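Written below as structure tokens is the structure these notes are about.
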Amino acid sequence: MSEKAERNAETAPRRKELSAPAKRALKEAEERRRHYAAQETQAPREVGGREGPDPARYGDWEVKGIASDF
């Protein structure tokens, strides 16, 4: 290992080991992301609709920077 690499290794911040609940939460979040991605690919495409994510998911419509609840 070069001298510069050794100095970088010594001065680099050490990462804490994640707790079991933190690891479990990260794993659950990754599973949810995969599940949502799979659902998106299976959903039928909307023809002539708005671009972007479904506004019903977020509870409002946004047009030209103005949001309206429905």
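Positions are given from 1, in the same order as the sequence printed here. These numbers come from a predicted model, not from an experiment.
Every residue two or more places apart in sequence or in another chain that forms a side chain to side chain contact (heavy atoms under 4.5 Å, CB included) with Glu17 is listed here: Lys23. For the side chain to side chain contact (heavy atoms under 4.5 Å, CB included) test, residues two or more places apart in sequence or in another chain that qualify with Glu28 are Arg24, Arg32. For Gln42, there are no side-chain hydrogen bond (donor to acceptor under 3.5 Å, both in side chains) partners two or more places apart in sequence or in a different chain. With sequence neighbours excluded, no residue forms a side chain to side chain contact (heavy atoms under 4.5 Å, CB included) with Thr41. By the side chain to side chain contact (heavy atoms under 4.5 Å, CB included) test, Ala25 pairs with no residue at all, sequence neighbours left out.
Salt bridge Arg33/Glu30: present, at least one basic N to carboxylate O contact under 4.0 Å.
Defined by atom type and a distance below 3.5 Å, a donor-acceptor pair is present between the side-chain atoms of Gln39 and His35.
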